[in-house]
There are 4 protein chains.
Amino acid sequence: MPDLGFHTYGKTRVRLLQVLRDRRAHDIADLNVSVLFEGDLAESYTGGDNSLVLPTDTIKNTIYVLARQHPFSSIEEFGLILGRHFLDRLGHLAIVRVAINETLWERIANHTTAFVQSSKEHRTAELRLTREAQSIVSGIRNLQILKTAHSAFFGYLKDEYTTLAETRDRLLGTVLDADWTFAGSAVHNFNELHRSVRAELLDCFAVHESLSVQHTLHAMAEAVLAKFDAIQNIHLTMPNKHCLLVDLSRFGLDNPNQIFVPTDEPSGFIEARLSR
Amino acid sequence: MPDLGFHTYGKTRVRLLQVLRDRRAHDIADLNVSVLFEGDLAESYTGGDNSLVLPTDTIKNTIYVLARQHPFSSIEEFGLILGRHFLDRLGHLAIVRVAINETLWERIANHTTAFVQSSKEHRTAELRLTREAQSIVSGIRNLQILKTAHSAFFGYLKDEYTTLAETRDRLLGTVLDADWTFAGSAVHNFNELHRSVRAELLDCFAVHESLSVQHTLHAMAEAVLAKFDAIQNIHLTMPNKHCLLVDLSRFGLDNPNQIFVPTDEPSGFIEARLSR
Amino acid sequence: MPDLGFHTYGKTRVRLLQVLRDRRAHDIADLNVSVLFEGDLAESYTGGDNSLVLPTDTIKNTIYVLARQHPFSSIEEFGLILGRHFLDRLGHLAIVRVAINETLWERIANHTTAFVQSSKEHRTAELRLTREAQSIVSGIRNLQILKTAHSAFFGYLKDEYTTLAETRDRLLGTVLDADWTFAGSAVHNFNELHRSVRAELLDCFAVHESLSVQHTLHAMAEAVLAKFDAIQNIHLTMPNKHCLLVDLSRFGLDNPNQIFVPTDEPSGFIEARLSR
Amino acid sequence: MPDLGFHTYGKTRVRLLQVLRDRRAHDIADLNVSVLFEGDLAESYTGGDNSLVLPTDTIKNTIYVLARQHPFSSIEEFGLILGRHFLDRLGHLAIVRVAINETLWERIANHTTAFVQSSKEHRTAELRLTREAQSIVSGIRNLQILKTAHSAFFGYLKDEYTTLAETRDRLLGTVLDADWTFAGSAVHNFNELHRSVRAELLDCFAVHESLSVQHTLHAMAEAVLAKFDAIQNIHLTMPNKHCLLVDLSRFGLDNPNQIFVPTDEPSGFIEARLSR
C-alpha cells in the first residue's frame with residue numbers, strides 16, 4: 001500500500017471584480033483568487049469518501065459571499081477574511097492557503113467612474129493560515145524594468161567555452177517578481193506599504209551602479225529590509241532579459257550602444273532571498 | 001495549371017530597441033517590426049527561382065542598418081524610411097508593407113536612464129507604399145478600459161431564446177483596438193497626434209451616456225473625426241468583455257452592483273469604421 | 001456628419017462541447033464558435049436604437065439550442081445550421097458570418113469514452129451566408145511541421161546587407177495555416193475531405209525537393225488543387241521558423257547539421273493563394 | 001546586515017534541436033534546457049565580485065558543446081551529462097540543477113525525414129546533482145484528458161453556500177502534470193519507462209470508476225507505483241477543468257448529457273504525492 005504524502009485541493013482562478021460605490025469616485029479591485037485546503041482528507045483519495053470534501057464550487061460561492069459581507073480595502077485583508085472563514089468552519093482542516101492576484105487599474109484622467117488597466121504588472125498576496133499561526137506574503141509579479149546606464153559585467157570566471165565580451169556599459173532589463181514576508185501580525189496599511197516597497201525597489205534599480213544582476217538584486221533587497229521594519233524577509237527573482245548590441249561593423253557602421261535586439265530566450269536567471 | 005493569386009513574403013517579428021543618448025535623459029523605443037513585399041515574384045513560387053528573392057535575413061539586417069543611419073522619433077517615420085528604402089532599391093517590387101508594434105515604456109520616477117513597461121497597450125503603425133502612393137495608419141492595440149457608470153442596455157430585440165435582463169446600470173468593459181488613417185501626407189507630429197487621439201477616445205468613453213457598445217463606439221469614432229482634421233477615417237473594435245453580476249440572492253444577500261465576475265469568454269464583439 | 005462604413009457585431013468565443021452517445025463509443029466535438037451579423041443596424045450605432053439588436057447573449061443561447069436540436073457531424077454542417085437560422089429569422093440581416101474552431105481529441109488507446117487532446121493543431125470552418133449565396137472555407141491552424149532533409153536555399157538576390165550563407169541542406173520548419181474554399185454547394189463529406197487534404201499537404205511537404213519556402217508552399221497548394229476537384233482555391237501561410245545551425249568551430253568542433261537553435265523570432269513569412 | 005539565504009543563478013530557456021542522422025530515418029529532439037547553480041557565490045551578491053561567476057552565456061555555449069560531444073538518447077541522460085560537467089569543473093558549486101522540457105514530434109506518415117508536432121504535451125526531466133547524490137525526476141506536462149463516462153461526484157460536505165448538484169454521470173476533464181522520482185541510479189531505459197508510465201496513467205484514467213478527482217488521481221498514482229518498481233514516488237496535479245451542462249429547460253428542451261460548456265476558469269485543483 002503506497003503512502004499518501006502531501007495532498008491539497010481547492011479552487012483556483014476565481015475571478016472577482018469589486019466596485020466600491022460609497023464615494024463619489026468609484027474604486028475597483030480586479031482579483032483572481034485561489035483557496036487551497038490541507039487537512040484530514042486522505043479518505044477522499046484512498047476510498048472516494050467525499051463526506052469531508054467541501055465542493056470547490058462552494059469555495060467559489062463563499063468567496064463571493066464574503067466579498068459582499070466584508071468589503072475589503074486590500075487583498076491581504078480579504079485573504080485573511082477568506083482563510084479564517086474556512087478554518088473556523090471546517091474542523092478537519094489544518095491549513096488554508098489563499099493566493100490573490102490583483103490586476104491593476106487606474107482612473108482615466110480625472111474621471112470618477114472610468115478606468116484603464118495600467119500595467120502588465122500584478123500585485124499579489126499569499127497567505128497560509130493554521131490554527132496557531134498565519135503568514136502573509138505580499139508581492140509583485142511581472143514588473144518589466146530596464147536601465148540604459150550604470151550597468152557593467154566584467155571580471156567573471158572564464159573557461160574555454162566563454163565567448164561573452166566584458167562590458168562596462170550594457171543594458172540591464174528584467175521582469176521582477178518580488179515577495180516580502182511580514183514580521184508579525186501588526187501590519188495594517190498593506191496598500192501604503194505595497195506602494196512604498198515598490199517605489200524603493202524601482203529607485204534602487206534605477207540608481208544602483210550594477211556590477212551584475214546578482215549585485216543589483218542584493219542591493220534592492222537590502223534597501224527594502226533597511227527601510228521597512230515590518231518586513232522580515234524578501235525574495236526576488238530577476239531573469240536577465242538580454243538586450244544584444246547589434247554588430248553593424250559588417251556594414252561599415254559603428255553602433256555606440258544605440259541599436260539592440262531584445263530577446264526572450266535564452267534568459268539568465270537570478271534568484272535570492274534576504275532575511276533580517 | 002493553377003493560378004497564383006495574392007502572394008507576399010517578408011520578415012516578421014524583428015525586434016529592435018533604440019536608445020537615444022543625445023540628451024541627458026535617455027529615450028528608448030522598443031519595436032517589433034514586419035516588412036512584407038509584393039511584386040514580380042511569381043517565379044520563386046512556381047519554379048523555385050530565387051534570383052529576385054531578397055532573403056528575409058537581409059530584410060532584418062537592413063532594418064537594423066537603417067535604424068542606425070536614421071534615428072527616428074516615431075514609428076510612422078521609421079516605417080516610411082523602411083518602405084522607401086526597399087521600393088527605391090528593388091525595381092521588381094510593387095508594394096511594400098511595413099507594420100510596427102511599439103511596446104510602451106515610461107521613466108521610473110524622475111530617473112533619466114531607467115524605465116518601466118507601462119502597459120499591456122501597444123502603439124502601432126501600418127504603412128503601405130507603392131510607387132504612386134503611400135498610406136499611413138496609426139493605431140492602438142489592447143487598451144483595456146472599463147466604466148462603472150453611465151452604461152445601459154435595454155429596448156433590444158427579443159426572441160424565445162432571449163434570457164438577458166434589461167439594465168439601466170451595468171459595467172462596460174472592453175479591449176479597444178483603434179486604427180486611424182491620415183488624409184494626406186502633410187502630417188508630421190505623429191507622437192503628439194497619437195497622444196491626443198488616445199486621450200479623446202478615453203475621455204469620450206468615460207463620459208458617454210452609453211445605450212450599447214455600438215452607441216459608445218460610434219460616439220468615440222465621431223469625436224475623433226470631429227476634432228482631428230488630419231484623420232480621414234477611423235476603425236474601432238470593441239469586444240464586450242462581460243462583467244456578470246453575481247446572484248447572491250440564493251444566499252439571502254443583495255448585490256447592489258458591487259460584486260461581479262469578469263469573463264474572457266464568451267465575448268460580445270463590435271466593430272465599425274467611420275469616414276469623414 | 002461622418003459616414004458609418006463597414007460595421008458588424010456578434011458573439012465570439014462561445015465554447016461548446018458536444019458528446020454524441022448514440023453508439024457504444026462516444027464521440028466528442030470541442031468547439032469555439034463565433035457568429036457575426038451585418039445588415040440594417042446603423043441606427044444602433046448612430047442613435048443607440050437597440051430595437052433591431054438581438055443581444056449577443058441570445059446568439060450564445062441559440063448556438064446551444066441549435067446544437068441540441070441538430071446534432072452535427074462536422075463543423076461546416078453546424079456552421080450552415082447556425083447561419084441559416086439567423087438569416088431566416090432576422091429579416092434585417094444581410095450577411096451572417098460563422099467561424100468555428102475545433103480543438104482536436106482522439107480516443108485513449110481502445111477506450112470508448114476517454115480522450116486525449118491530440119495536437120496544438122485546430123480545424124476551422126468559416127462560412128459567409130447571404131440571402132443569395134453561401135461560401136464555405138475549411139481550414140487548418142497551427143500545424144507545426146519540420147523537415148530535416150530535401151530543403152535548400154541558394155541563388156537568391158544579394159545586396160550589401162546580405163550575410164546569409166547559401167545552403168543545399170537546411171532544416172525547414174513552419175507553422176502551417178491553410179484554408180480551402182469549395183467550388184459549389186455539393187460537398188457533403190467535410191470530415192473525409194479534411195483528413196485527405198491534410199494528408200496531401202503533409203505528404204507533399206515531406207517529399208518536396210524544396211528550393212525555398214515559397215517553392216514548397218506552391219507545390220503543396222498545387223497538389224491539393226490537382227487532387228480535389230471540389231476545392232476552388234487554397235490559401236496557405238507558412239512562416240519560416242528558422243532553425244539556426246550552432247557555430248561550434250569556436251570550440252574546435254564541427255557541427256554536421258546536428259545541433260540547431262530553433263527560434264520564434266524573427267520569422268520569415270510566406271503567404272499565397274492559388275486558384276483553379 | 002541582512003542574511004543572504006537561498007540563492008541561485010543560471011541560464012533558462014536554452015533551446016536546442018538535435019538531429020540524429022546516423023540511420024536512414026532521422027530522429028529529432030526539441031529541447032528547452034535550464035541549468036541553475038548553487039554554491040559559494042555569496043560574494044557576487046554582496047560585493048559584486050564576479051570572479052566565481054561563470055557567465056550564463058557560457059552555460060549556454062556549454063550546453064551546445066556537450067550536445068555535440070555526447071549525442072543523447074533521452075533527456076534524462078543529457079541532464080546527467082550537463083550536471084556532471086559543471087560539478088566536475090567548478091569546485092565552488094554545491095548543487096547543479098538541470099531541467100529539460102521536450103516538445104514532442106512524430107514522423108509524418110512513413111516519411112523518414114519529416115515531422116509533425118504531435119501534442120501540446122511536454123516531456124520533462126528535472127535533475128539535482130550534488131557531489132554525494134543525484135536525483136532524477138521524469139515527468140509529463142500539459143496532458144489534456146477527458147472522460148465522458150465512469151465519473152460521479154456525490155456525498156460531499158454541504159453548507160449554506162453549496163449549490164452544486166450531486167451527479168452520478170459527469171464529464172471529467174483535466175490537464176495532467178505528473179512527476180515520478182526514481183528509486184536508485186540503476187535506471188537506463190528512460191524512454192521506454194516514460195512511454196509505459198504514460199500509458200498506465202492514461203489507461204487508469206480511462207477505466208477508473210471515479211468518485212472524485214482525488215479518487216482518480218490516487219488510483220492513477222497507485223497504479224504506477226504498483227507496476228514500476230524503479231519508481232520511488234509520484235506526484236500528480238489534476239486541475240478539474242469543469243465542463244458545465246447547459247440548462248436548456250428554459251427553452252423547452254432536455255439535455256441528456258450532450259451539450260456542455262468547457263471552462264478555463266474557475267478551476268478545481270487537486271494535487272497529491274504518493275510514495276512507495
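Here is how names work: the chains are called A, B, and so on, in the same order as the sequence lines, proteins then strands, and each is numbered from 1.
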Which region of [X], side chain (C-beta onward) or backbone (N, CA, C, O), has a non-hydrogen atom less than 4.5 Å from a non-hydrogen atom of chain B, or is it both or neither?
{"X": "C:Tyr64", "result": "neither"}
{"X": "C:Lys60", "result": "side chain"}
{"X": "C:Arg273", "result": "both"}
{"X": "C:Asn233", "result": "neither"}
{"X": "C:Leu41", "result": "neither"}
{"X": "C:His92", "result": "side chain"}

Using modelled atom types and a 3.5 Å cut-off, is there a donor and acceptor pairing between side-chain atoms of C:Asn50 and backbone atoms of B:Gly155? no

Determine whether a donor-acceptor pair (N or O, by modelled atom type, separation under 3.5 Å) exists between the side chain of B:Thr12 and the backbone of C:Ser267. yes

Do C:Phe153 and B:Pro55 come close enough that some side-chain heavy atom pair is under 4.5 Å? yes

Any B:Leu157 side-chain heavy atom under 4.5 Å of C:Val53 side chain: no

Based on non-hydrogen pairs under 4.5 Å, which of [options] is most in contact with chain C?
{"options": "B:Asp49, B:Leu236, B:Leu52, B:Leu211", "value": "B:Leu211"}
{"options": "B:Phe269, B:Tyr161, B:Tyr45", "value": "B:Tyr45"}
{"options": "B:Gly48, B:Ser44, B:Gly47", "value": "B:Gly48"}
{"options": "B:Leu36, B:Leu225, B:Asp159, B:Leu217", "value": "B:Asp159"}
{"options": "B:Met238, B:Lys158, B:His242", "value": "B:His242"}
{"options": "B:Thr8, B:Thr237, B:Leu90, B:Leu4", "value": "B:Thr8"}

We want to know whether B:Asn240 and C:Thr56 form a side-chain donor-acceptor pair, criterion being a heavy-atom distance below 3.5 angstrom. no

